[in-house]
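Comments concern the structure below.
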Amino acid sequence: ALVIINALSSRLRETSEKSRMEAELKTAQVIQDTLFPEPEFKYEYLTISGHFQPASEIGGDWWFHSRIGTKVFLWIGDATGHGAPAALLTSAARSAATVLETLAFSPAKILELMNRAIYDVSKGQMMMTFFLAAIDLKTKKMVYSNASHEPPLLLRKQGEVFKKSMIEPINDVTSPRLGEARDTKYEEAEIMIGPTDAIFFYTDGVEELRNKKKEALGDRGFMRAFVKCYHDFPVPNIFVERLVNFFADYSQGTEVLDDVTFFVCRHD
């Protein structure tokens with residue numbers, strides 16, 4: 001009888017611990033949801049739509065948009081790994097961004113200060129790729145800085161049918177990841193945004209999607225998705241919906257190995 005009682009007591013403790021951990025995880029999910037913007041938004045002639053799918057209950061990717069004066073800031077980052085540690089790092093990045101975006105700094109200066117904050121928080125043990133752009137609604141000039149993140153893709157409309165040749169990587173500058181070294185200085189570059197232009201921001205989890213044969217989508221599959229889903233230059237929310245469906249069809253319910261995050265910003 002004593003053995004049975006001890007076994008039941010152990011089982012009850014395990015159940016209680018599991019319930020506590022599930023409750024804490026649920027709380028973390030709710031908190032993380034507050035880090036992200038509404039999936040669809042508009043700033044004058046700029047329309048934005050995005051998607052986030054974590055690989056586990058909470059993820060290490062983060063995207064955001066905000067407006068300060070005449071400038072719209074576009075943020076996207078990918079912390080090392082995924083799960084709770086990566087989610088904590090994205091929370092730190094979001095907290096730093098909340099303060100820095102109000103100070104009218106350039107993208108390069110913001111990344112410099114975010115880098116210092118992330119380095120101090122993680123003691124150099126965790127890092128984050130990041131891309132930050134600021135579009136001036138008056139001049140239509142986009143100034144950007146890149147901390148080793150996947151370069152966004154500029155999609156220019158030429159003709160009536162979208163082709164792969166219309167995709168231009170925005171990659172004139174790149175610098176070390178956030179958190180890699182405390183005193184990193186970040187470079188800047190700029191491009192002009194015109195009517196019907198769209199910019200696609202994403203994390204590397206997109207290309208790492210796998211099908212049931214364990215084949216990664218890769219760059220070729222990624223470009224195929226673009227040509228198929230953007231063939232008639234759809235508005236951002238339709239484009240995002242098509243991509244989500246394309247990726248779901250490709251992965252066929254297989255486990256997502258890395259967070260999948262992307263958003264598109266289009267000049268109407």
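Fair warning: this is a prediction, and the values are worked out from it, not measured in the lab.
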Nearest 0.5 Å, please: how far is [atom2] in [Y] from [atom1] in [X]?
| X | Y | atom1 | atom2 | result |
| --- | --- | --- | --- | --- |
| I135 | M192 | CD1 | CE | 10.5 Å |
| I193 | H267 | CD1 | NE2 | 8.5 Å |
| L111 | F105 | CG | CZ | 12.5 Å |
| I76 | T129 | CD1 | OG1 | 8.5 Å |
| E150 | N171 | CD | CG | 12.0 Å |
| T80 | R177 | OG1 | CZ | 6.0 Å |

Side chain of [X], backbone of [Y]: donor and acceptor closer than 3.5 Å?
| X | Y | answer |
| --- | --- | --- |
| S145 | E187 | yes |
| N245 | E241 | yes |
| R67 | G69 | yes |
| R266 | F233 | yes |
| D259 | D61 | yes |
| T254 | R210 | yes |
| N211 | S251 | no |
| H149 | Y202 | yes |
| Q53 | V260 | no |

So which heavy atom on [X] is nearest to which on [Y], and how close?
| X | Y | value |
| --- | --- | --- |
| A147 | P176 | CB-O, 3.3 Å |
| E180 | N115 | N-OD1, 3.9 Å |
| S175 | S148 | O-OG, 2.6 Å |
| T196 | Y230 | O-OH, 4.4 Å |
| G50 | V240 | O-CG1, 4.0 Å |
| F239 | C229 | CD1-O, 3.6 Å |

Would you say the rings of F226 and F222 are close, in the sense that their centroids are separated by under 6.0 Å? yes
Quick check: do [X] and [Y] have side-chain heavy atoms less than 4.5 Å from each other?
| X | Y | answer |
| --- | --- | --- |
| Y119 | T184 | no |
| W75 | F201 | no |
| I170 | M142 | yes |
| D183 | R116 | yes |
| E112 | K185 | yes |

Test log, rule side-chain contact (heavy atoms from CB on, under 4.5 Å), inputs K42 and D268: CA-CA 10 Å; K42 187 161 187 173; D268 293 339; 2.7 Å; yes
Please assess I167 against L155 for the test side-chain contact (heavy atoms from CB on, under 4.5 Å), listing each intermediate value before the final yes or no. CA-CA 5 Å; I167 301 175; L155 315 176; 3.9 Å; yes
If hydrophobic clusters are built from ILVMFWY residues whose side chains come within less than 4.5 Å, do [X] and [Y] share one?
| X | Y | result |
| --- | --- | --- |
| I191 | Y45 | yes |
| L113 | I68 | yes |
| M127 | I110 | no |
| V143 | Y186 | no |

Quick one: sort the [X] and [Y] rings into parallel, tilted or perpendicular, breaks at 30° and 60°.
| X | Y | result |
| --- | --- | --- |
| Y43 | F41 | tilted |
| H65 | W63 | tilted |
| F262 | F247 | perpendicular |

After noting the C-alpha distance and the side-chain angles of E188 and V173, does the key distance pass the side-chain contact (heavy atoms from CB on, under 4.5 Å) rule? CA-CA 6 Å; E188 275 184 351; V173 295; 5.8 Å; no
Please report the C-alpha distance between K140 and D197 in whole Å, then the side-chain angles of each, then the deciding distance to 0.1 Å, and finally whether the salt bridge (charged side-chain N to carboxylate O under 4.0 Å, His left out) criterion is met. CA-CA 11 Å; K140 301 186 178 183; D197 284 351; over 6 Å; no
For the residue pair T203 / D78, report whether a side-chain donor-acceptor contact shorter than 3.5 Å exists. no
Could you give me the CA-CA distance, side-chain angles and deciding distance for V235 and E40, then say whether side-chain contact (heavy atoms from CB on, under 4.5 Å) is met? CA-CA 11 Å; V235 294; E40 296 178 32; over 6 Å; no
Can you tell me which residue among F64, Y144, F131, F263 is in a side chain to side chain contact (heavy atoms under 4.5 Å, CB included) with L74? F263
Is it the case that over 12 heavy atoms from other parts of the model lie below 6.0 angstrom from the CD atom of Q252? yes
